[in-house]
Protein chains: 2
Amino acid sequence: MNAATPRAPAVRPEAASLGTRERIVRTTSRLMQRQGYEATGIKQISQQANVALSSVYHFFPSGKQELATEAVRHADQEFADIMREALATEADPAEAMIAVTQVLAEYLHNSDWLDGCPITATALETAGRILDIQRAAAEAFEHWRALVAEKLRHTDIAEDDILDLAHTVINTLEGAELAAQVSKSAEPLEIAGRHLARLINSYR
Amino acid sequence: MNAATPRAPAVRPEAASLGTRERIVRTTSRLMQRQGYEATGIKQISQQANVALSSVYHFFPSGKQELATEAVRHADQEFADIMREALATEADPAEAMIAVTQVLAEYLHNSDWLDGCPITATALETAGRILDIQRAAAEAFEHWRALVAEKLRHTDIAEDDILDLAHTVINTLEGAELAAQVSKSAEPLEIAGRHLARLINSYR
DNA sequence: GTCTATACCCCGATAGAC
DNA sequence: GTCTATCGGGGTATAGAC
């Protein structure tokens with residue numbers, strides 16, 4: 001017999017003020033952030049979102065994969081907003097990296113180390129198996145990279161170097177969030193922020 | 001109706017020469033690497049491993065979580081062997097980073113971009129929900145960091161800096177593998193190798 | 001230790017009234 | 001668009017013979 005798996009801090013039910021479709025997508029996005037794709041059930045979604053099961057299928061007739069793809073796109077935008085805002089708090093791009101890691105660490109800590117990157121778990125579970133979701137995840141990473149590259153263009157670093165740096169900034173943030181989550185510690189993110197700033201400064 | 005999800009390159013059935021228990025653990029590890037924890041079923045494991053379902057429960061009486069925890073520990077050792085070997089191919093620690101990324105890129109490419117880090121998907125799916133697995137994953141990351149730190153001690157970088165660098169090396173590799181898998185391209189890993197070498201060299 | 005058979009549950013998805 | 005009810009299948013886990 002399995003031990004009961006404790007449910008950590010409740011995902012807050014989405015306010016009924018939002019449209020039904022919006023509530024479904026947001027709830028799915030949150031659940032997939034914490035549990036991944038496979039562990040997130042349509043029934044669980046409909047309950048958390050305060051929506052009838054049939055409504056989920058009304059808005060997403062072809063089912064779970066279609067809904068999950070949309071949820072990844074939603075998470076893409078949401079995480080981009082967080083990054084954009086954090087990047088804007090510091091004029092200097094190297095300093096801005098530290099600001100980003102601080103914001104991500106806050107989200108993690110405030111959620112008891114549950115709310116990391118909203119799409120990583122889903123992306124890995126579905127890589128090579130559910131192509132629509134994989135494509136949406138790839139587009140999200142591209143999107144976030146573009147935000148970093150844009151910030152780096154406020155320096156005189158060569159364009160080729162900027163594009164490479166944008167890759168490593170996002171990838172290092174991803175890895176550091178993973179490590180922070182698993183170890184329940186902000187330290188990997190703090191170190192990542194300092195190292196990314198140092199790496200960027202080494203190009204100018 | 002769901003579209004049929006294509007099954008990519010078959011996981012090769014484990015040779016019957018291994019002991020039953022070993023075959024079960026290895027097969028579980030491989031499947032979790034590609035699909036994560038939730039999508040990997042005990043029946044699927046028993047079939048791929050050429051083992052009776054009851055044998056799985058004979059060796060792992062408390063079920064899937066116990067088996068998955070053991071599989072993560074196995075993957076820990078296996079990935080450590082790969083890293084150790086790759087690190088040993090170059091005397092210079094900075095150059096060794098590039099060697100590691102090349103090896104990881106080969107594994108990914110040869111598996112049609114399926115075989116990335118063997119524990120990341122599982123770690124994220126179970127973070128905060130299945131504590132035994134989370135702990136095993138945390139130990140694996142520590143283990144791999146220790147290998148990198150050991151390599152970096154062949155320089156005269158200060159010990160504190162070495163420990164920080166080991167964090168970022170592993171985390172950047174993790175993020176780059178994720179990106180490589182999702183985008184089906186070795187580029188994120190190649191860039192990561194160059195940047196990690198540069199970062200290390202900036203400390204000496 | 002491995003065999004066959006099965007209990008029990010929850011999954012995704014659907015039907016049809018309203 | 002939302003309701004209730006349900007189908008078919010696959011999940012984990014178990015029983016008991018051998």
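Given the structure is predicted, the values throughout are model-derived calculations rather than measurements. Sequence lines set the chain letters: A, B, ... in the order given, protein chains first and strands last, and positions in each chain run from 1.
- In this entry the distance linking NZ of Lys64(B) with C1' of dT12(D) reads 8 Å, nearest Å.
- Proximity of Ser55(B) to the phosphate of dT2(C): a side-chain N or O atom is located under 4.0 Å from OP1 or OP2.
- Between dG12(C), dT2(D), dG1(C), one nucleotide has an atom nearer to the side chain of Phe59(B) than all others, and that is dG1(C).
- Using a 4.5 Å heavy-atom threshold, the side chains of Thr172(A) and His195(A) count as separate.
- Rounded to whole angstrom, the span from the NE2 atom of His58(A) across to the C1' atom of dG16(C) amounts to 16 Å.
- The main-chain N or O of Leu114(A) is never found under 3.5 Å from a side-chain atom of Arg34(A) such that the two would form a donor-acceptor pair.
- Distance CD1 (Ile42(A)) to P (dG9(D)): 19 Å, rounded to an integer number of Å.
- The distance from atom OH of Tyr57(A) to atom P of dA5(D) is 18 Å, rounded to the nearest whole Å.
- With sequence neighbours left out, Asn110(A) forms a side-chain hydrogen bond (donor to acceptor under 3.5 Å, both in side chains) with no residue at all.
- Between the CD atom of Gln44(A) and the C1' atom of dG12(C) there is a distance of 14 Å, rounded to whole Å.
- With sequence neighbours excluded, the residues forming a side chain to side chain contact (heavy atoms under 4.5 Å, CB included) with Ser185(A) are Ser183(A), Glu187(A), Pro188(A), listed by chain and number.
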- Residues Glu85(B), Asp81(B); criterion side chain to side chain contact (heavy atoms under 4.5 Å, CB included); working and verdict: CA-CA 6 Å; Glu85(B) 189 180 347; Asp81(B) 290 341; over 6 Å; no
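- In this entry the distance linking CZ of Arg21(A) with P of dT2(D) reads 13 Å, nearest Å.
- Comparing dA13(C), dC3(D), dT2(C) against the side chain of Ala52(B) picks out dT2(C) as the nearest.
- Note: CZ (Phe60(A)) to P (dG12(C)) measures 15 Å, nearest angstrom.
- Taking side-chain N and O atoms only, Thr20(B) has no distance below 4.0 Å to OP1 or OP2 of dG1(C).
- In the set dC11(C), dT14(C), dC3(D), dC3(D) carries the atom at the smallest distance from any side-chain atom of Ser54(A).
- Within the 4.0 angstrom heavy-atom criterion, no nucleotide atom of any strand lies near Ser46(A).
- For Leu53(A) and dA15(C), the CG to C1' distance is 12 Å, given to the nearest whole Å.
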